[in-house]
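Notes follow once the structure below has been shown.
Numbers restart at 1 for each chain; the letters A, B, ... are given by sequence-line order, proteins then strands. Please read all numbers here as calculations on a predicted model, not as lab measurements.
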Protein chains: 2
Amino acid sequence: MATLLDVARAAGVSKATASRALQRPELVAETTRLRVQEAADRLGFHPNAAARALTTGRTGLIGLIVPTLSNPFFAPLVMGAQQAAEETESHLLIAVSEYHAQREAALADRLSEQADGLIMVTPVGTDTALRERFRRRPLVLVDRQVGRLPAVVADTAAGLTELLDHLLAQGHRDIAYVSGPADSWADEQRRTALAAQASAAGARVHVLGPLPPTFDAGIEASRALPDDATAVLAYNSYLTLGLLHGLGAAGRRVPEDVSLAAADDLSTLSATTPPVTALDVPLQEAGALAVTRLHELLDGHRRTVTSRLPAAPVLRASTAPPRGRR
Amino acid sequence: MATLLDVARAAGVSKATASRALQRPELVAETTRLRVQEAADRLGFHPNAAARALTTGRTGLIGLIVPTLSNPFFAPLVMGAQQAAEETESHLLIAVSEYHAQREAALADRLSEQADGLIMVTPVGTDTALRERFRRRPLVLVDRQVGRLPAVVADTAAGLTELLDHLLAQGHRDIAYVSGPADSWADEQRRTALAAQASAAGARVHVLGPLPPTFDAGIEASRALPDDATAVLAYNSYLTLGLLHGLGAAGRRVPEDVSLAAADDLSTLSATTPPVTALDVPLQEAGALAVTRLHELLDGHRRTVTSRLPAAPVLRASTAPPRGRR
DNA sequence: TTGTACGCGTTATCAG
DNA sequence: CTGATAACGCGTACAA
């Protein structure tokens with residue numbers, strides 16, 4: 001590989017000038033800049049990442065920890081992050097925690113050694129561990145809020161609120177919320193928001209769970225729904241698909257007998273019969289934004305904001321007014 | 001961060017000895033080794049990756065390019081690779097090509113600058129480009145074979161052959177194969193194998209496609225199936241799900257009217273009605289093996305083997321003898 | 001505007 | 001078995 005010294009020689013300048021010509025063009029005479037640039041191009045020069053990292057103290061690597069990749073839910077998030085990383089000349093070091101707090105901690109430690117900072121999607125795991133981690137390394141949380149730590153969250157609670165408004169307007173008064181993992185931060189936000197909103201409107205939200213966010217758990221849940229519930233909201237798409245399946249098997253029709261909606265929107269939800277109302281979570285933006293936030297941190301911005309992204313309901317055929325109201 | 005020099009001082013030895021004590025313990029007296037180890041632990045020493053990379057010429061990073069993450073098909077592959085990487089103290093630099101050859105090339109170039117080697121899952125893209133790339137950097141292909149380049153492939157052609165045997169034994173004589181993307185290497189292997197096998201057995205394989213490997217394309221395909229086909233094999237799970245849906249909508253029952261099977265096995269295939277026969281592709285092993293192969297390359301093994309992994313049929317309720325034979 | 005010289009943290013070479 | 005010391009390739013004060 002051609003080194004900076006090679007380029008410098010070829011251009012008839014010193015290493016220092018060559019370096020400046022490429023990194024800080026404004027500090028160098030236009031003619032020499034051109035000469036160096038030409039030499040670099042001709043030799044196919046690429047600055048050695050390790051050497052640069054050694055002097056600058058920056059690796060240009062961003063650690064990204066996600067709970068799983070088996071749920072395509074996270075794909076857009078990763079894509080968004082990757083695109084943002086590309087634009088900032090950085091790379092993504094991706095690791096999968098499998099919803100396992102201990103494993104997640106180990107991965108985070110490992111990644112910290114190589115990465116400038118971390119982005120973590122960590123629905124489970126303790127606040128204090130995250131706080132502690134943030135003190136050592138720049139860290140941006142996704143879909144999770146811990147004190148004033150920098151975070152990017154999709155406001156699914158607000159989205160569900162909006163959705164509940166819609167259901168209330170349609171005449172629903174008894175709504176079931178099938179919740180997700182016990183320690184999910186987002187889930188708690190939602191339950192709180194829904195409960196407040198329902199009681200204000202003289203309606204009732206029946207909470208089922210906590211449950212693992214799986215198809216099978218959805219089938220189980222379909223058997224445990226309260227009799228008077230005319231609409232069901234579920235923590236995620238898998239639970240929702242399970243519910244749809246379970247309801248169908250039990251002879252309860254959607255939306256005639258019961259309305260159904262999900263708090264996230266996997267593409268399959270639009271291909272079921274009926275297509276299922278869901279919250280459109282802007283995951284790609286979230287991923288990109290997390291990278292941006294992280295770079296801000298790395299550049300010394302001390303303002304740690306948490307960005308809220310809107311999660312708007314996408315109304316499909318699975319939600320309709322309850323029986324009495326048609 | 002504590003540096004090697006700090007450790008050396010704390011242990012009362014030179015940098016050199018400290019380094020040896022940690023990296024090549026056998027070259028050092030047991031007592032000093034202990035002293036150094038203790039000092040390192042106490043100071044929480046972690047070797048600086050950049051510095052190490054600079055001297056050794058190895059970054060410990062492995063580039064992994066996959067076509068997409070939206071298809072959970074690739075999740076186990078990534079997991080397998082990640083676990084293998086962990087065991088060898090290396091990290092995964094993951095990038096998503098989105099089945100886009102040009103984008104893939106750009107990503108590979110970018111990754112090459114940081115990574116010791118590349119693992120590419122590249123169903124599309126030209127042979128010559130891959131050959132050229134291999135000459136510059138260690139490269140392992142997954143699910144794709146190009147000359148003698150190191151590769152890890154799941155033998156889905158053999159698996160389909162086995163499956164076809166089963167169908168033939170059940171009495172099927174006219175079988176449709178719904179094929180995937182036009183330039184898919186694996187797809188071509190399968191068509192060839194199936195055709196040979198069928199004609200040898202006096203049966204016929206009707207090829208549909210090429211098609212995009214999507215749910216919607218599966219629905220389309222269900223309308224274009226030859227009337228005499230009593231069994232349908234499909235390129236992947238999405239096409240299969242589409243076919244199942246389309247057949248159902250057209251009033252054709254699986255497996256009573258037509259048998260159905262997929263050449264890969266997404267978990268949803270076991271949750272449909274009926275559950276669908278599929279090829280169990282050992283993706284996790286493939287991912288792990290790719291990492292192992294790459295490390296061999298990096299360690300100078302010049303033997304470039306291509307590993308074939310067995311893809312065995314998992315028989316489920318979607319395949320049964322054709323009408324006449326029951 | 002350009003060049004010299006040093007430091008980043010580690011591993012490897014070569015004496016001792 | 002251990003200790004100096006020289007790389008590795010780059011960025012950047014500092015000097016010219």
Can you tell me how far P of C:dG16 sits from CG of B:Leu27, to the nearest Å? 20 Å
In terms of the nearest nucleotide of DNA chain D, which residue is placed more toward the 5' end: B:Ala18 or A:Ala51? B:Ala18
Just checking A:Ser19: base, sugar-phosphate only, or nothing, at a heavy-atom cut-off of under 4.0 Å? base
Nearest whole angstrom, please: distance from the P of C:dG9 to the CG of B:Leu4. 11 Å
Lys/Arg-Asp/Glu bridge criterion (N-O < 4.0 Å) met for A:Asp127, A:Arg144: yes
Salt-bridge present (B:Arg35, B:Glu38; N to O < 4.0 Å): no
Using side-chain contact (heavy atoms from CB on, under 4.5 Å) as the criterion, list what pairs up with B:Asp155, not counting sequence neighbours. B:Ala157, B:Ala158, B:Arg308
Is any side-chain nitrogen or oxygen of A:Ser14 closer than 4.0 Å to OP1 or OP2 of C:dG3? yes
Measure CD/B:Gln23 against P/C:dA12 and give the value in whole Å, please. 8 Å
Across all chains, not counting sequence neighbours, the side-chain contact (heavy atoms from CB on, under 4.5 Å) partners of A:Glu89 are B:Arg110
Take the protein atom CG of A:Leu54 and the nucleotide atom C1' of C:dG7, then report the distance between them rounded to whole Å. 9 Å
Taking any atom under 4.0 angstrom from a heavy atom of chain B, which nucleotides of DNA chain D are the first and last to qualify, 5' to 3'? D:dC1 to D:dG9
Would you kindly give the CZ-to-P distance between A:Arg20 and C:dT1, to the nearest whole Å? 11 Å
Separation between CD (A:Glu285) and CG (A:Leu77), nearest 0.5 Å, reads 10.5 Å
Return yes if the base of C:dT4 and the side-chain atoms of A:Lys15 contain a donor-acceptor N/O pair under 3.5 Å, otherwise no. no
Within this structure, what is the CG-CE distance for the pair A:Leu111 and A:Met120, rounded to the nearest 0.5 Å? 9.0 Å
Whichever of B:Ala16 and A:Leu5 has the more 5' nearest nucleotide on DNA chain D, that residue is B:Ala16
